Peer 1: 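What follows is a single structure, and I will ask about it in a moment.
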Amino acid sequence: MAAELLARTTIHTGRIFQVEIDVVKLPTGHTVDMEIVRHPGSVVLLPIPEPGSIILIRQYRYTIDRWIWELPAGSLKRNEDPDRAAARECEEEIGLVPGTLTRLGGYYPTPGFCDEEMIFYRCEDLRPPAPDSTVKRDDDESIEPRTFTIEEARALVKSGEIVDLKTLAGLTLI
């Protein structure tokens, strides 16, 4: 038996997500308020320039006030095809276009309060973009891509330099 939605109130609509409060009757019969972050979803990239290597990006994350190494990723635009978003984000964040995109699966990082699905892609056969490409990095991003061996990337997890769960999860998919 599924929960029954009794009422929904949108309390915030932002650039990337919105926040709702749903009044829900649970299968147990209890009625509760559920605070939910509605997110359009995202793509997470595992750019493989050659076997045994991966490209990570170093990026400042204001929320935690630090620079971190992580897998390239980005939010889907409204009604955007995830495969196209993965190719776009690859070019935006590391400056290379994938010749081969392999969808590895979709996962929910925080299903207790957010409906975001992160779709992971293996990106191979990386090449420079076409000279007439109009893809550019977002204005609010300062990104440094760097190639690591898989062993070096996993060592960054152990040393605490990778603190981002999408990156930790992605490294298990290689």
Side-chain angles (χ1 to χ4, degrees), residues 15-17 37-77 79-174:
R15 180 175 58 90
I16 299 173
F17 62 84
V37 175
R38 300 287 182 195
H39 190 285
S42 58
V43 293
V44 181
L45 313 176
L46 288 85
I48 310 292
E50 60 187 14
S53 295
I54 190 159
I55 298 173
L56 299 176
I57 60 171
R58 185 171 180 264
Q59 183 169 207
Y60 178 74
R61 292 297 191 175
Y62 173 80
T63 308
I64 59 173
D65 190 27
R66 67 184 275 197
W67 289 86
I68 63 172
W69 286 103
E70 61 185 293
L71 288 171
S75 293
L76 295 172
K77 295 178 178 164
N79 299 317
E80 185 177 23
D81 175 71
D83 292 357
R84 288 187 184 182
R88 173 183 52 77
E89 286 291 339
C90 193
E91 185 175 349
E92 278 180 20
E93 298 209 348
I94 68 168
L96 297 171
V97 175
T100 305
L101 271 176
T102 306
R103 186 177 175 149
L104 302 175
Y107 306 96
Y108 297 89
T110 51
F113 67 89
C114 182
D115 67 354
E116 177 186 14
E117 179 183 21
M118 291 184 152
I119 303 169
F120 287 74
Y121 286 88
R122 185 180 183 105
C123 304
E124 297 174 289
D125 305 319
L126 300 169
R127 61 185 186 279
D132 61 346
S133 173
T134 60
V135 173
K136 66 179 185 68
R137 190 166 286 154
D138 293 338
D139 292 336
D140 64 344
E141 293 178 323
S142 177
I143 295 173
E144 172 195 336
R146 182 172 152 202
T147 302
F148 293 88
T149 66
I150 302 302
E151 294 77 26
E152 289 170 333
R154 290 185 175 141
L156 291 174
V157 173
K158 290 180 183 171
S159 72
E161 292 185 65
I162 289 179
V163 295
D164 166 55
L165 278 175
K166 77 176 178 312
T167 301
L168 181 66
L171 291 174
T172 69
L173 298 174
I174 297 175

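As the structure is a prediction and not an experimental result, all values here were calculated from the model. Computed over heavy atoms, backbone and side chain alike; hydrogens, waters and symmetry mates excluded.
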Peer 1: Considering non-hydrogen atoms only, spot the tightest contact between Lys166 and Phe120 and give its length.
Peer 2: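 Shortest heavy-atom separation between Lys166 and Phe120 comes out as O-CE2, 3.4 Å.
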
Peer 1: Looking at Pro49 and Pro47, what are the two nearest heavy atoms and their distance?
Peer 2: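 For Pro49 versus Pro47, the nearest heavy atoms are CD-O, 3.3 Å.
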
Peer 1: Using 4.0 Å as the upper bound for N to carboxylate O, is an ion pair formed by Arg122 and Glu124?
Peer 2: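 Salt bridge flag = yes for Arg122 with Glu124.
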
Peer 1: Looking at Arg38, I want to see if its CZ is surrounded by more than 12 non-hydrogen atoms of other residues, nucleotides or ligands under 6.0 Å.
Peer 2: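 More than 12 heavy atoms, drawn from other residues, nucleotides or ligands, come within 6.0 Å of this atom.
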
Peer 1: Less than 4.5 Å apart, any side-chain heavy atom of Leu45 and any of Glu93?
Peer 2: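 Sidechains of Glu93 and Leu45: no contact.
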
Peer 1: Drop me the distance from Ile68's CD1 to Glu161's CD, to the nearest 0.5 angstrom.
Peer 2: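 The CD atom of Glu161 is 11.5 Å from CD1 of Ile68, to the nearest 0.5 Å.
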
Peer 1: Evaluate the criterion salt bridge (Lys or Arg N to Asp or Glu O under 4.0 Å) for residue pair Arg88 and Glu92; output intermediate values, then yes/no.
Peer 2: CA-CA 6 Å; Arg88 173 183 52 77; Glu92 278 180 20; 3.1 Å; yes

Peer 1: On a heavy-atom basis, which atom in Ala85 and which in Leu76 lie closest, and how many Å separate them?
Peer 2: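 Closest approach of Ala85 to Leu76: CB-CD2, 3.4 Å.
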
Peer 1: Between CZ of Arg146 and CG of Leu56, what distance do you get to the nearest 0.5 Å?
Peer 2: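 Here the rounded value is 9.0 Å.
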
Peer 1: Given 3.5 Å as the limit, does a donor-acceptor pair link the side chain of Asp115 with the main chain of His39, or not?
Peer 2: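 Answer holds: yes.
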
Peer 1: Any heavy-atom pair between the side chains of Thr167 and Leu71 that's under 4.5 Å?
Peer 2: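 Counting from C-beta outward, Leu71 and Thr167 do come under 4.5 Å.
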
Peer 1: So, taking the atom named CD in Glu89 and the one named OG in Ser42, what distance separates them when rounded to the nearest 0.5 Å?
Peer 2: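 So the gap between those two atoms works out to 9.0 Å.
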
Peer 1: Please round to the nearest 0.5 Å and tell me the distance separating atom CD1 of Ile162 and atom CZ of Phe148.
Peer 2: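 Rounded to the nearest 0.5 Å, the CD1-CZ separation comes to 7.5 Å.
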
Peer 1: Can you check whether Trp69 reaches Val163 side chain to side chain, under 4.5 Å on heavy atoms?
Peer 2: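 The answer is no; the side chains never approach within 4.5 Å.
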
Peer 1: Which heavy atom of Thr147 sits nearest to which heavy atom of Ser53, and what is that distance?
Peer 2: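 Nearest pair, atom of Thr147 first, then Ser53: CG2-CB, 3.9 Å.
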
Peer 1: Tell me the closest heavy-atom pair linking Gly41 and Glu116, and the distance in Å.
Peer 2: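 So the two residues come closest at CA-CG, 4.1 Å.
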
Peer 1: Search all heavy atoms of Gly170 against all heavy atoms of Leu46 and return the closest pair with its distance.
Peer 2: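 So the two residues come closest at O-CD2, 3.1 Å.
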
Peer 1: Test Cys90 against Leu126 for side chain to side chain contact (heavy atoms under 4.5 Å, CB included), laying out the working first.
Peer 2: CA-CA 9 Å; Cys90 193; Leu126 300 169; 3.9 Å; yes

Peer 1: Below 3.5 Å, can you tabulate the donor-acceptor pairs from side chains in residues 97-111 to any protein atom, sequence neighbours excluded?
Peer 2:
from: Thr100; atom 1: OG1; to: Asp125; atom 2: OD2; distance (Å): 2.4

Peer 1: Output the distance between atom CG (Leu165) and atom CE (Met118), rounded to the nearest 0.5 Å.
Peer 2: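 The distance works out to 9.0 Å.
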
Peer 1: Does a side-chain heavy-atom distance below 4.5 Å link Pro82 with Tyr121?
Peer 2: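 Answer yes - side chains close enough.
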
Peer 1: SG/Cys123 to CD1/Ile94 distance, rounded to the nearest 0.5 angstrom?
Peer 2: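 Taking SG in Cys123 and CD1 in Ile94, the distance rounds to 7.0 Å.
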
